[in-house]
Amino acid sequence: MKKILTLFLLLTCFPIVSSFAGGFMMVSPEDYYWRPTERISPYLRAFPDDFNPHTTEFWSEKADITIEDGVATTELSQSFYNSSFDTVQAYFLLPIPKNLPVEDFKLKIADRTYKADLYTDEQAHKVIEEMVRRTKNPRYWEFANQNLYKVSIYTFTPRSLYHMHITYTQKLPQDDNKTFFAYNMSSQSFYKPLREFDLNIHIKAPEGEKIKQFYSTSHKPDEIEFKRNGDSEGNINISSRKQPNQTKNLAFYYSTAKGTVDYTLYPYKESGEDGYFMLSFDAGYVSDDAITNKDVLFVLDASAEMGTANLEASKKALTTALKQLHAKDRFNIIRYADDVEKAFDSNQAVNSTNIGKATTFINASKSGGKSNMEAALKASIPANAEKVHPYFVVFINGSEASVGATSDKDLLELVKDISLRNLHFYTIGMGKQIHVHLLDQIATHTLGESHYILSSQNVEERIGEIYSAINDPIVVNLHLYDIENFDVIDSYPSNVRNLFKNRPLYVIGRYKNSGKTKVSITGSGNGDLQRFDMEFDFPEENTAYPYIKRLWAARSVAAQLDKIRLEGDEDWMEQIAEIAHENGIVSPYSNYVILEEGYYDADFEPAVSFFADEAACEADFEAMKQPKGVESMKASSLIQKLHDVHSLLALNETAANSTEVKYIDNRPFYKTTKGLWMDARVQEEDLKPKKVPFNSADYYTMLSANSELTDIVWKGEEIILYGKGKAYWLVEAEKEEE
């Protein structure tokens, strides 16, 4: 008997609403016509007796989709090949979400139009169940809780290729100013890699509006690219020529707006419980006129400890950054070792003469001497800075202080004494003994950012990426009004920062009261005070975005780890353990806290390689608290990723090396020493699981009583599930008697 499919973990979760695309071609060597029935009877089944469905060869798929005014129009072409020597009757099955109706559905093969039968989700469930029974492949459960189109193709001739052309329209779900769309590519996983796959999506904003935010819950930016065509149109292309073996469903949101700044709310709240929200601000596509003029001070460590290789790479990165400055920016350069040298007495305008002088100054920098960080910090603080003009300090550091003030406390006091809201430090650290905690606190205090470059990384490229991300500010010195008066608690970041072009700002928090509230965001842009008024509806109940709770948990754990790391305050240990365990937040540092607080007992038997290795966990935790060194840099970088997460894709990257915690359909599963994946709620409620063999009578009884579990069972084997107060241990199918 076949084993159940090996565990497949989706990298993200998205609302139950989704689009549909590729279907299945099911054929049988016998001439049968089958139809599901709503009657519960042992002799009325979704398939006739002796029907053994199997798929043909899936050759190619091409889809052209246009989304305009919330309506998606799809033209889909699929090719299937009958490799057998028999003429067969075929059935084309196309699953669709039950809450996303389709209009104008048409299917043609050559010049012939075929009639499509639409089954309800109950009828479709019967079909899918029978397919699982007969094929012994649980992957079909993915499509159980959906409607289903079935098209009968009465004669599929041998050794022939059928080209199917399907068209339909959909009114896409819209929530406030955002529109959701998804495309199902998982049906391809039932076949060999397609010979050709090409998906083209064209999005048009309503007249007078611009596409502001594009947010994918399924793919990372390097996996798909949203290419803008002006300010009101954009395109997505996924092709087997560039991205082979595409079987991960595509899902994304986009928003449109008339103003410069767009805002979008993603709420999650169960009735009677605290709610969670993600609030995003996005400048999206804007013209260069909207970019705020700024002063930029580049500070370069030229001490001997910086090293020749790091210095040379940093010099190349700075000369490139100078070319990115905008015409109305002002700039200066400082290099420091035993003392400080400036390229200019004061900040200069961006022109070819000044850029040339600055480049000469940079290229003349040589590695040598000690590190006078005190002098460098003092020289970086402007004496008479303008109140609304942004002042960015890009502080490149590769050594610990060895001249002047050397303690973190004394050096940090130089920055803490500053009362300039427009001054922001962007620290970039490299080297084995830099002041990691100092650089972190300087960046945090000035609402900037801290970054670290490990020795194996490309220094020039990394500095370039960091600077490019802050080169186009739209609104700076941001402040949120009124949201604090709406019982919003534990919001991260606690102090919002600056909004850059094509770099959304995400605020994630909890709320207690439901209802509508007005929120205002103020900031500076090109010397003027700018204000954006918005109205949000915080619902009493909304479960469309369940992943928001886990994103909040990640940021909360990051904030509390920083309390321990930077301030030595270990009173947060219990809270970290509770939140991290409940939400499956995995990091080398939260793991130790979970162990230390006793969140696992003998009955659960956690995986030895991960949780039980307390010595390794403790070593990581202690290294996190060290103010200097490579391990401290790694800790800061990983915790910063937790601070910045705004998608499950990004969160899962922080746990890339973990094989003992999985998050399946918004449920944390922990791996036991026996190799079982257990729903955390089984342990929390101290339930004894019942063994349920795959494809047994108990198996289908379990799924009949817990239809939501079909969204999980197709992904795993040797898994312990929680359903309506009971625990089920899914095991291999019972062996048939010979």
inquiry  = Donor-acceptor check, side chain of K294 to backbone of N471, threshold 3.5 angstrom: yes or no?
reply    = yes

request  = With side-chain contact (heavy atoms from CB on, under 4.5 Å) as the test, would you mind laying out the steps for M430 and R462 before giving the verdict?
outcome  = CA-CA 11 Å; M430 62 192 83; R462 187 71 186 103; over 6 Å; no

task = Indicate, with yes or no, if the rings of F226 and F252 have centres closer together than 6.0 Å.
result = no

ask   = Y254: what forms a ring-ring contact (aromatic ring centres under 6.0 Å, His included) with it, not counting sequence neighbours?
value = none

request  = Verify whether the ring centers belonging to F344 and F331 lie closer than 6.0 Å.
outcome  = yes

inquiry  = For Y547 and Y545, take the angle between the two ring planes, folded into 0 to 90°, and tell me which bin it lands in: parallel under 30, tilted 30 to 60, perpendicular over 60.
reply    = perpendicular

ask   = Cut-off 3.5 Å, side chains only: do S399 and E305 have a donor facing an acceptor?
value = no

Aromatic ring proximity, centroids under 6.0 angstrom, Y263 and F532 = no

query = Should E374 and K378 be marked as a salt bridge (Lys or Arg N to Asp or Glu O under 4.0 Å) after you check the CA-CA gap, both sets of side-chain angles, and the distance that decides it?
reply = CA-CA 6 Å; E374 178 185 15; K378 287 180 177 179; 3.2 Å; yes

message = Looking at T446 and I442, would you say the former's side chain and the latter's main chain have a donor-acceptor pair under 3.5 Å?
response = yes

Nearest non-hydrogen partners of S365 and L311, listed with the distance = O-CD2, 4.0 Å

ask   = So, does Q213 use its side chain to make a donor-acceptor pair with the main chain of S255 at under 3.5 Å?
value = no

request  = Would you check if the side chain of Y467 reaches a backbone N or O of A317 as a donor-acceptor pair within less than 3.5 Å?
outcome  = no

ask   = Okay, side chain of S636, backbone of M633: is any donor-acceptor separation there less than 3.5 Å?
value = no

request  = Would you confirm whether E622, through its side chain, and D620, through its main-chain N or O, come within 3.5 Å as a donor-acceptor pair?
outcome  = no

message = With a 4.0 Å cut-off on N to O distance, would you call K370 and D338 a salt bridge?
response = no

inquiry  = Out of the candidates N293, D472, T292, only one should pair with H326 under the side chain to side chain donor-acceptor pair (under 3.5 Å) rule; please name it.
reply    = D472

task = Tell me whether the centres of the aromatic rings in Y215 and Y266 are closer together than 6.0 Å.
result = yes

query = Taking NZ, NE, NH1 and NH2 as the nitrogens, is one of them in R510 or D490 under 4.0 Å from a carboxylate oxygen of the other?
reply = yes

ask   = Near K316 NZ, under 6.0 Å, is it more than 12 heavy atoms from other residues, nucleotides or ligands?
value = no

